[in-house]
Amino acid sequence: IKGPGLPDETFFQEVEELLLEADLGFRTVAQVIETARQKLRSGQTPEEAFHHALLGLLSPSGRYLNLKGEDRPVLLFVGVNGVGKTTTVAKVALRLKEEGMRPLIAAGDTFRAAGSAQMQVWGTKIGVDVVAKPPGHDPAALVYEAIDSADQNGYNALLIDTAGRMHTKKGLMDEIGKIKRIIEKKSGTKPAETLLVVDATTGQNALRQAEIFHDALELTGLILTKVDGSSKGGIVFSLESLYNVPVKLIGMGEGVHHLEMFDPRKFVEALFS
Amino acid sequence: ALSSKLDVAFKKLSRRGVLRPADVKNGLREIRIALLEADVHYKVVKDFIRRVEEKAVGEDVLKSLTPAQQIIKIVRDEMLDVLGAPAPVNSDTSPTVILLVGLQGAGKTTAAAKLAKKFKKEGLKPFLVAADLQRPAAVDQLEQLARDIDVGIYATKETKNVLNTVQKGIEAGRKNFAKIIIVDTAGRLQIDRSLMEELVLIKKKVSPRETLLVADAMAGQDAVNVAAGFHDQIGIDGVIFTKVDSDARGGALLSLRMVTGTPIKFVGVGEKSDDLEAFQPERMVSRILG
Ligand SMILES: Nc1nc2c(ncn2[C@@H]2O[C@H](COP(=O)(O)OP(=O)(O)OP(=O)(O)O)[C@@H](O)[C@H]2O)c(=O)[nH]1
Ligand SMILES: Nc1nc2c(ncn2[C@@H]2O[C@H](COP(=O)(O)OP(=O)(O)OP(=O)(O)O)[C@@H](O)[C@H]2O)c(=O)[nH]1
Ligand SMILES: [Mg+2]
Ligand SMILES: [Mg+2]
C-alpha cells in the first residue's frame with residue numbers, strides 16, 4: 001500500500017485478501033475497504049486511507065492498566081481454555097513487581113490437573129507470593145481468602161488466575177460471575193481490571209467469547225497472546241469495534257518478559273508487513 | 001442459517017428447470033460469506049467455491065428440491081469429499097509409538113490422556129511419556145492425568161534433554177509391556193526453527209508410527225500455515241481437532257484437510273479424559289456451514 005499511483009480493483013482485491021487472511025472477518029473487511037475508498041476519494045494516499053480506516057475501528061479507551069484508582073487493585077484474568085491466562089498472570093505480576101508494587105497472585109484454577117501447581121511454579125520463578133489451595137477447592141472461597149490475605153499482609157495488587165472455561169458452558173460462566181461478585185462484595189468495588197485473554201490464533205469465535213464474557217462480567221480490557229506466532233491477530237479490529245473493549249497488553253512469547261503494551265499504530269503496520 | 005439465506009437468493013428460481021450461471025453466482029456469494037465466517041481460509045474458500053460452481057451450473061433443478069437445497073446438497077457433498085473419512089490410529093506395530101505435536105495450548109497433554117484412556121478401554125495397554133520439559137508443571141499435569149486414569153507413565157524432572165527423555169520413555173513403555181506409547185511434547189510454533197528441528201530429530205531417532213497434529217477448533221485463517229508448517233517439516237499422519245465443544249464453526253478443519261490431506265482421527269469435545277470422540281464428517285459439515 002506504500003506504492004505510487006492510484007489503486008485499481010486488483011489492489012483492493014489484494015488488500016481484501018490480506019485483511020481476510022489476518023482474521024479481520026468478512027464484515028469488518030468490507031467495512032474497512034468501504035471506509036478506505038472514501039478516504040482515497042477525499043485525497044489520502046492508499047497508506048493513509050487504510051491506516052486510518054483500520055485505526056478508526058479501534059477503541060478510543062485508555063490502554064493503561066487501571067491501577068491508580070484504589071490502594072489494592074484486583075486484576076481478574078478470564079478466558080477460554082489454553083489461551084495463556086496463567087502465563088500472562090505471571091508476566092503481569094512480574095511487571096508490577098518491577099515497577100515497585102507488591103503483587104499477590106491467587107491461583108484460582110483449582111479444577112485442571114496441575115492448574116494451581118503451574119501458577120505456583122511461576123510464582124517461585126518470579127518471586128511473587130501465590131495463594132494456593134488443593135485441587136477441588138472452591139475458587140470463589142479461594143478468591144475471598146486471597147483478598148483477606150492481600151489486605152492483612154500489605155500487598156498492593158491482587159492478580160487472579162482462573163480456570164479456562166468455554167463461554168458455551170452456562171455453569172462455568174455462572175461460576176466466574178460468582179467470583180466477580182465475591183470480589184465486588186469483599187473489596188467494596190468492581191475489579192480494577194476484568195481482562196479477557198484471547199489467543200491471536202483464534203478466528204471469528206473470539207467475537208462469541210467476547211460477547212458472552214462481556215455480558216457476564218463487563219470486561220475492562222483484552223489481552224492478546226501468542227502474537228509471536230504466524231497469526232496476525234486481526235480479530236482485534238472486530239473485537240474492539242463491536243465491544244469497545246481495548247486490548248491493553250500483548251503476549252509475544254513464552255518467556256516472562258514477553259509482554260508489551262498494545263500499540264495500535266505498530267499493530268496496523270504489522271498487518272501489512 | 002445458510003439454507004434460509006440461499007432460499008432468499010433463489011426465491012425466483014423455483015419454476016425454472018436449470019440453474020443458470022447468474023443464479024448460481026448469487027448462491028455462491030452467500031456460501032462464500034458463510035465459509036469465511038466459519039474460519040475457512042480464503043484461498044480454500046476460493047478453490048472450494050470454484051469446484052461447487054463447476055458442479056452446480058447446468059444441473060437440473062430436481063423436482064423435489066428447491067434450488068437452495070440443491071446447491072446446499074452440492075456444497076455438502078463437496079465438503080464431505082474434502083473432509084474425507086475418519087481414519088483410525090494405526091496400531092500394527094508393537095509397541096505403537098504415537099507422537100503428539102502442535103501449537104501451545106492446543107490440547108496435546110489432555111489429548112494424550114484421552115487417547116490413553118480410550119486404548120485402555122479397548123484392551124490395548126497404553127503408556128504415557130511426559131516429554132514437555134519446558135512448561136511449568138507440564139510433567140505434573142500429565143502425571144496427575146495418568147493417576148486419574150490409572151495408566152503407566154514415564155515422567156522425570158531431572159533433565160532438560162527432550163530426545164533422551166523420549167527415548168528413555170519409550171524404553172520404559174516397552175519394559176512395561178505397553179502396546180501403545182503416547183508421547184506428549186511441548187507446544188511450539190511451526191516458525192520456531194530450533195523447536196521444529198527438535199521434533200525432526202525426535203522423529204528421526206524414534207520413528208513414531210503416528211505423528212498426530214493436535215489443532216484447536218477455534219483457530220482462524222492461520223491454521224493453514226500451521227498445518228503446512230508441521231506437515232512440511234516433520235510429516236503429519238493425522239489430526240486431533242480439539243475444543244469442538246466450543247461454538248467455533250471449525251472451518252480450520254477444511255483448510256487443514258485441503259492443504260495437508262492428512263486424515264482426521266479424533267475430535268476433543270471437553271476437558272475430561274472421556275471427552276474424545278471419533279471424527280464424524282456429517283456433523284462437522286453442518287457445523288461449518290452454520
Ligand atoms: N508462543 C507463545 N506461547 C504462549 C504465550 N502465552 C502463553 N503461551 C503458551 O501457551 C500455553 C498455554 O498457556 P497457559 O498459561 O497454560 O494458558 P491458560 O489460559 O492458563 O490455560 P488453561 O488454564 O488450561 O485454560 C503454554 O504453553 C504457554 O507457554 C505467548 O504469548 N506466546
Ligand atoms: N473445552 C475443552 N477444553 C479442552 C479440550 N482439550 C483440551 N482442553 C483444555 O485446553 C487447555 C489446554 O490443554 P493442554 O492439554 O494443557 O494443552 P497443550 O497443548 O498440552 O498445551 P501446551 O503444552 O502448553 O502446548 C486445558 O485447559 C484443557 O483442559 C477440549 O476438547 N475441550
Ligand atoms: Mg491456566
Ligand atoms: Mg501440554
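Each chain gets a letter, A, B and so on, in the order its sequence line appears, and its residues count up from 1.
Checking S230(A) against D222(B) by side-chain atom types alone, a donor-acceptor pair falls below 3.5 Å.
Salt bridge K169(A)/E271(B): absent, no basic N to carboxylate O contact under 4.0 Å.
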| field | side chain to side chain contact (heavy atoms under 4.5 Å, CB included) between K232(A) and Q221(B), worked out | value | CA-CA 9 Å; K232(A) 297 274 181 170; Q221(B) 299 276 306; over 6 Å; no

| field | Test log, rule side chain to side chain contact (heavy atoms under 4.5 Å, CB included), inputs K43(B) and E17(A) | value | CA-CA 9 Å; K43(B) 283 193 187 135; E17(A) 292 182 343; over 6 Å; no

| task | I would like to know whether T201(A) and D216(B) meet side chain to side chain contact (heavy atoms under 4.5 Å, CB included); could you show each step before the answer? | result | CA-CA 9 Å; T201(A) 67; D216(B) 193 321; 5.8 Å; no

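Distance check: K226(A) NZ to Q104(B) CD gives 6.5 Å after rounding to the nearest 0.5 Å. The distance from atom CD of E37(B) to atom CG of L207(A), rounded to the nearest 0.5 Å, is 9.5 Å. Here the CG atom belonging to L103(B) is positioned 8.0 Å from the CG atom belonging to D199(A), to the nearest 0.5 angstrom. Interatomic distance, L18(A) CG to Y42(B) OH, rounded to the nearest 0.5 Å: 8.0 Å.
Heavy atoms of other residues, nucleotides or ligands lying less than 6.0 angstrom from CZ of R51(B) number more than 12. Taking a 6.0 Å sphere around CZ of R29(B), one finds it holds 12 or fewer heavy atoms contributed by other residues, nucleotides or ligands.
Scanning both residues, A113(A) and Q144(B), for their nearest heavy atoms gives CB-CG, 3.8 Å.
For D245(B), the parts sitting under 4.5 Å from any heavy atom of chain A are the backbone and the side chain alike. With a 4.5 Å cut-off on non-hydrogen atoms, Q120(A) does not touch chain B at all. Using a 4.5 Å cut-off between heavy atoms, V80(A) touches chain B through its side chain atoms alone. Of the two parts of R32(B), only the side chain, counted from C-beta on, holds a non-hydrogen atom closer than 4.5 Å to a non-hydrogen atom of chain A.
Counting only distance, with no hydrogens or angles, the side chain of D39(B) and the backbone of Q204(A) share a donor-acceptor pair below 3.5 Å.
Applying the side-chain contact (heavy atoms from CB on, under 4.5 Å) test between S246(B) and each of R208(A), Q209(A), M166(A) identifies M166(A) as the sole match.
Side chains of Q141(B) and R112(A) form a contact here, defined as non-hydrogen atoms less than 4.5 Å apart.
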